[in-house]
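I have placed the structure first, in the form of structure tokens, so that the comments after it can refer back to it.
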Amino acid sequence: MRRIVIVGGGTGGTILANNLARRLRREIEAGQVLVTLLSASPRHMYQPGLLYVAFGKMASSDLYRDEDGLLAPGIQFYVDPVESFDLDHNEVKTKSGVTYGYDYLAICTGSRALPTSVPGLAEAGHHVYTEEAALKTCSALKDFPGGRIAIVTGVPHKCPMVPLELTFMMYDYFKDREMLDKVSFTYTYPIGRIHSLENVAKWAAKEFDRMGVHYETLFNAKEVDGAKRQVHSEEGTVVDYDLLITVPPHKGMEVIEKNKLGASGWIPTHRTSLAMEGRDNVFVLGDTTNIPISKAGSTTHYEAEVLGENLASLATQGRAMRAYEGKVFCFIEAGKDRATYASFDYKSPPQPEPPTRAIHWFKLAYNRLYWNSVRGLL
Ligand SMILES: Cc1cc2nc3c(=O)[nH]c(=O)nc-3n(C[C@H](O)[C@H](O)[C@H](O)COP(=O)(O)OP(=O)(O)OC[C@H]3O[C@@H](n4cnc5c(N)ncnc54)[C@H](O)[C@@H]3O)c2cc1C
């Protein structure tokens, strides 16, 4: 029997498990292949929904579904986080003490925002990377009487569009409340332009100019002085704020660091085969890879489809055929009712179109269709 173990039941792990259950249905029923999914939580969160929670446009209860209800029959699912990886002996061990042997292993444990990595940021800044933080941001926006809003971004972070989306959505939020004369926006970004993707940066800079959003590039937050309401950068510059909105720097999960699978929790991964460097039966998906590409659900989705096909053919024929070509598709909310998108891969950069209402409505529809998408129905 061939044993495939998937660690992490978020976007990547769920899509991969369902993809394998579909492709290997006969082999699973015949007892020739066993697909096991190990996760840390019985619930699956639709993380992009956190942005809407922060603006009071989605109830936080709508972010969740039970993971077992998203999985196809035939997948062995256990809520039992993996604590140690013994890659030399093809085994992982869980918190409850169970050891799972594997022929093929897929690791997709995601990433975590670390506002504590910049002194003062966790205490002073608001973000949208957990349910609790998104709800607090919602209250902070509601109660804000006006003043200087700073948007401070650390790298790497998941979803490359969040810093822009927060800025565009806040602008419309305060416009609707007739407060634009009482607020100012300063957007900072760590590199020499306002977004990591050059064409997105060019497009967004024009929008910011039109809206009167001030931007500072080459701004890597060093510390936040909450008493003086100032953010100091490594580069020696200072931004003043009355409301600090942040996209905190991220790391991979602690379990990856503790097991020395990759510095800062990012696992060295081959950009097309998705194999962990130095291993031919260990694969990595989604945020956990160190591939220099957007950490996004869509990246993870496209990777999971490629890996599903490859693992199915490895398990049945001993060879993998498909390459991940770097495909990513990200919606960009450009305000409360307009959106555009960035679609790109390793060879072709994105070319964002002017935002439209239709794309915004499509994104809202996708917020619900996500549950079908992770089931493999889209
Ligand atoms: C505010 C916000 C907005 C976003 N917007 C977008 C967007 O518009 N478009 C887009 O494409 N992406 C967006 N994303 C990013 C997207 O949600 C992530 O990139 C995606 O979920 C990554 O998938 P993943 O499978 O790598 O990790 P995750 O989906 O985070 O799943 C990780 C899983 O691993 C489990 N796990 C952790 N540790 C262990 C362990 N030790 N053992 C077993 N299991 C473990 C967790 O419980 C979880 O189930 C957004 C994210 C946020 C926070």
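Using cut-offs of 30° and 60° for the angle between ring planes, the Tyr46 and Tyr370 rings count as tilted. Under the 30°/60° scheme for interplanar angles, the aromatic rings of His44 and Trp371 are found to stand perpendicular. Between Tyr187 and Phe208, the ring planes lie perpendicular to each other; the angle is over 60°, past the 30° to 60° tilted range. Using cut-offs of 30° and 60° on the angle between ring planes, the pair Phe185 and Phe174 is tilted.
For the residue pair Thr14 / Glu67, a side-chain donor-acceptor distance below 3.5 Å is found, with atom types taken as modelled. Checking Tyr215 against Asp209 by side-chain atom types alone, a donor-acceptor pair falls below 3.5 Å. Looking only at atom types and distance, the side chain of Glu131 has a donor-acceptor partner in the side chain of Ser60 under 3.5 Å away. Remark: the Asn281 side chain and the Asn90 side chain contain an N/O donor-acceptor pair separated by less than 3.5 Å.
Remark: Asp240 does not engage Arg229 in a salt bridge, criterion side-chain N to carboxylate O under 4.0 Å. For Lys95 and Asp80, the salt-bridge test fails: no basic side-chain N is under 4.0 Å from an acidic carboxylate O. Ionic pairing of Arg22 and Glu309 is not present here: no N-O contact between side-chain nitrogen and carboxylate oxygen is shorter than 4.0 angstrom. A salt bridge between Arg43 and Asp68 is absent, with no side-chain N of the basic residue lying under 4.0 Å from a carboxylate O of the acidic one. A salt bridge between Lys251 and Glu257 is present, with a side-chain N of the basic residue lying under 4.0 Å from a carboxylate O of the acidic one. A salt bridge between Arg26 and Glu29 is absent, with no side-chain N of the basic residue lying under 4.0 Å from a carboxylate O of the acidic one.
Judged purely by atom type and a 3.5 angstrom limit, Ser264 has no side-chain atom pairing as donor or acceptor with the backbone of Trp266. Side chain of Asp86 to backbone of His89: a donor-acceptor contact under 3.5 angstrom is found. Without hydrogens or angle criteria, Asn199 side chain to Pro350 main chain gives a donor-acceptor distance under 3.5 Å. Under the 3.5 Å distance criterion, the side-chain polar atoms of Ser294 are left unmatched by any main-chain donor or acceptor of Ala296. With hydrogens and angles disregarded, a donor-acceptor distance shorter than 3.5 Å links the side chain of Tyr324 to the backbone of Lys327. In terms of modelled atom types and a separation under 3.5 Å, the side chain of Asn259 and the main chain of Val255 share a donor-acceptor contact. The backbone N or O of Gly252 lies less than 3.5 Å from no partner atom in the side chain of Asp287, so there is not a single donor-acceptor pair. A distance-only check finds no donor-acceptor pair linking the side chain of Thr299 to the backbone of Gly297 [under 3.5 Å]. With hydrogens and angles disregarded, a donor-acceptor distance shorter than 3.5 Å links the side chain of Thr288 to the backbone of Gly110. The backbone N or O of Glu83 sits nowhere less than 3.5 Å from a side-chain atom of Lys258 that would complete a donor-acceptor pair.
In this structure, Arg271 is positioned above the aromatic face of Tyr346, its NZ or CZ under 6.0 Å from the six-membered ring centre and within 45° of the axis. Under the 6.0 Å distance and 45° angle rule, Arg148 does not count as a cation-pi partner of Tyr241.
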| query | Taking it one step at a time, do His360 and Glu333 satisfy side-chain hydrogen bond (donor to acceptor under 3.5 Å, both in side chains)? | reply | CA-CA 7 Å; His360 166 71; Glu333 289 283 23; 2.8 Å; yes

| said: Using side chain to side chain contact (heavy atoms under 4.5 Å, CB included), reason through Leu243 and Leu141 one step at a time and then give a plain yes or no. | reply: CA-CA 8 Å; Leu243 176 63; Leu141 290 172; 3.9 Å; yes

| task | Could you give me the CA-CA distance, side-chain angles and deciding distance for Val7 and Leu105, then say whether side chain to side chain contact (heavy atoms under 4.5 Å, CB included) is met? | result | CA-CA 8 Å; Val7 182; Leu105 177 69; 3.8 Å; yes

| field | Derivation and outcome, side chain to side chain contact (heavy atoms under 4.5 Å, CB included), residues Arg112 and Glu254 | value | CA-CA 9 Å; Arg112 62 204 158 116; Glu254 226 173 338; 4.1 Å; yes

| request: Please test Ile6 against Val35 for side chain to side chain contact (heavy atoms under 4.5 Å, CB included), starting from the C-alpha separation and ending with a verdict. | output: CA-CA 8 Å; Ile6 303 167; Val35 177; 4.1 Å; yes

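Heavy atoms only, all atoms of each residue included: Thr116 and Ala122 are closest at CG2-CB, 4.0 Å. Counting all heavy atoms, side chain and backbone alike, Pro249 lies closest to Ser117 at CG-OG, 3.3 Å. Here the closest non-hydrogen pair linking Ser343 and Phe329 is CB-CD1, 3.8 Å. A pairwise comparison of heavy atoms in Glu305 and Asn19 identifies CA-ND2, 3.8 Å as the closest pair. Of all non-hydrogen atoms in Ala106 and Leu307, the two that sit nearest each other are CB-CD2, 4.2 Å. The nearest pair of heavy atoms linking Leu71 to Ala17 is CD2-CB, 4.4 Å.
In this structure, His126 and Leu244 have side chains that are not in contact, with every pair of non-hydrogen atoms separated by 4.5 Å or more. Residues Asp242 and Phe144 meet the side-chain proximity criterion, which asks for heavy atoms closer than 4.5 Å. Side-chain contact between Leu16 and Ile4: absent, with no pair of heavy atoms (C-beta onward) separated by less than 4.5 Å. Under the 4.5 Å side-chain criterion, counting only non-hydrogen atoms from C-beta, Val53 is not in contact with Val128. Between Glu198 and Trp203 the shortest side-chain heavy-atom distance does not fall below 4.5 Å. Pro160 is listed as a side-chain neighbour of Cys330, based on a closest heavy-atom distance under 4.5 Å. Annotation: side chain of Arg279 is in contact with side chain of Asp88 (closest heavy-atom distance under 4.5 Å). At a threshold of 4.5 Å between non-hydrogen side-chain atoms, the residues Asn367 and Tyr52 count as touching.
In this structure, the ring of Tyr341 has its center no less than 6.0 angstrom from the ring center of Phe362.
No more than 12 heavy atoms of other residues, nucleotides or ligands shown are found within 6.0 angstrom of CD on Glu325. Shown here is Glu132, whose CD atom has no more than 12 heavy atoms of other residues, nucleotides or ligands within 6.0 Å.
At a threshold of 4.5 Å between side-chain heavy atoms, the hydrophobic network of Ile, Leu, Val, Met, Phe, Trp and Tyr places Leu34 and Val79 in two separate groups.
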